[in-house]
Colleague: 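I'd like to ask some things about the structure below.
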Amino acid sequence: MKPLAVYVHIPFCFLKCHYCDFNAYGGRSALEPLYFDALLADLDSWRDLLGERRVVSVYFGGGTPGDTPPASLAAILDAVRALAGDWDPDVEVGLEANPATMPDGYLPALVRAGFSRVSFGVQSFDPSDLQFLDRVHSPEAAAAAVLAARCAGFEHVNVDLMYGLPGQTLASWRATVERAASLPIDHVSCYALTVEEGTRLARWVTAGLVRLPEADSTADQYELAAELLAERGFAQYELSNWARPGGISRHNLCYWTDGEYLGVGAGAHGYVGGVRYETIAHPRAYIAALLSSRGAGAMSGRPAVARGERPGVRTALLDWVTLRLRLVEGFGEQEFAARFGRTFAECFGPAVEELRAAGVLDATGGRVRLTERGRLLHSEAVARLAAALD
Ligand code: SF4
């Protein structure tokens with residue numbers, strides 16, 4: 001049976017962070033009860049379109065799904081189970097959570113509902129970084145949340161960390177990574193702060209109110225994280241992700257290896273039957289599309305897809321290479337040729353040798369991957385390959 005990952009988007013957050021351009025909305029929303037009805041309708045609308053599938057992972061992202069009552073998350077999981085022809089015995093069920101906003105008993109309730117992985121948006125263990133990021137948790141609350149998750153029985157615990165923050169020194173970043181690695185976690189994601197168009201941060205940067213660090217110091221922070229995490233038993237498997245043995249995220253791996261995934265929820269992306277699609281982004285419009293005018297519980301019966309396309313060969317090839325080069329192991333040249341009917345060198349010609357000569361790409365022994373230096377230049381490498389594709 002064909003494997004399937006399922007992504008469920010919950011767009012509500014306690015506060016909208018000033019740097020965030022995700023489809024997320026701050027403050028508790030009166031829309032939430034209807035939104036969960038719409039999610040159930042969304043899942044149901046795929047019943048006749050999916051065919052028999054084996055669900056290998058379910059991931060609740062956001063927003064902050066960890067602010068959602070366990071009973072609502074459990075109801076959605078039940079609906080995913082009902083939709084799938086099969087449920088993998090090693091299915092991974094995960095969610096993103098804010099370390100500060102979970103009430104007592106919340107994490108054990110999630111484990112009872114079938115969750116096995118939790119990802120905490122810790123970002124930093126330095127109070128001044130947390131203040132800049134407007135995070136509502138303290139370093140102590142973040143550490144306590146990790147311990148509580150382990151005590152509750154979560155098999156996998158991830159922390160997200162951020163570097164490239166204004167005022168963040170190499171020493172404070174070192175302390176953050178070391179503190180994270182000292183906790184009972186098996187996965188770390190490190191992301192550079194990026195200034196996204198339309199965010200409050202972008203306006204502050206334009207107005208000169210916030211000064212970003214130099215690219216060189218951000219690169220130094222990335223390299224330091226890689227070094228510290230390797231020393232502490234975390235193997236890097238993707239540009240931004242490190243795991244202890246057994247800790248690799250099965251759900252994320254599906255995205256990077258061309259696996260199909262059903263995306264439900266406002267603004268979710270999906271890839272089903274060779275079609276990449278995006279759902280209606282605004283929660284109110286999403287609800288309206290899925291629940292008929294007869295009121296909550298009455299379903300329209302159609303997926304809330306805003307746009308979708310079956311990628312042409314060129315797009316599919318570039319998407320595939322872009323995602324595979326995110327993986328430290330890269331990809332096999334034979335696998336590429338079997339997928340596209342041409343060798344990697346035939347497709348990209350002199351750009352391959354150019355990137356090899358520049359120390360960015362390693363294409364030896366039948367595998368193609370970015371070098372350690374190349375991991376800092378993924379976008380540039382992909383742009384060079386795209387330009388060379390005839
Ligand atoms: S908590 Fe996460 S999803 Fe929500 S606004 Fe902040 S960065 Fe965005």
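Treat the numbers as computed from the prediction; the structure is a model and nothing was measured. Ligands are counted one by one from 1 in listed order, and the atoms in each one are counted from 1 as well.
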Colleague: May I ask you to decide whether Asp90 forms a salt bridge with Arg250, counting only side-chain N to carboxylate O separations under 4.0 Å?
Modeller: no
Colleague: Taking side chain as C-beta onward, heavy atoms only, is Phe234 less than 4.5 Å from Ile185?
Modeller: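 Yes, side chains in contact.
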Colleague: Is there a ring pair (Phe, Tyr, Trp, His ring centres under 6.0 Å) between His156 and Phe115? Walk through the geometry before answering.
Modeller: CA-CA 10 Å; His156 304 292; Phe115 282 80; over 10 Å; no
Colleague: Is the shortest distance from a heavy atom of Gly63 to ligand 1 less than 4.0 Å?
Modeller: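 The answer is yes: ligand 1 sits under 4.0 Å from a heavy atom of Gly63.
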Colleague: What is the nearest protein non-hydrogen atom to atom 8 (Fe) of ligand 1, stated with its residue, atom name and distance?
Modeller: Cys20 SG, 2.3 Å
Colleague: Does Arg324 make a cation-pi contact with Phe331, if we ask for NZ or CZ under 6.0 Å from the ring centre and within 45° of the axis?
Modeller: no
Colleague: Walk me through it: do Asp134 and Tyr19 pass the test side-chain hydrogen bond (donor to acceptor under 3.5 Å, both in side chains)?
Modeller: CA-CA 10 Å; Asp134 276 346; Tyr19 55 88; over 6 Å; no
Colleague: Heavy atom of Leu15 under 4.0 Å from ligand 1?
Modeller: yes
Colleague: Considering heavy atoms of the protein only, find what lies nearest to atom 5 (S) of ligand 1 and give residue, atom and distance to 0.1 Å.
Modeller: Cys17 N, 3.2 Å
Colleague: Check each heavy atom of Cys13 against ligand 1 and say whether those closer than 4.0 Å belong to the side chain, the backbone, both or neither.
Modeller: side chain
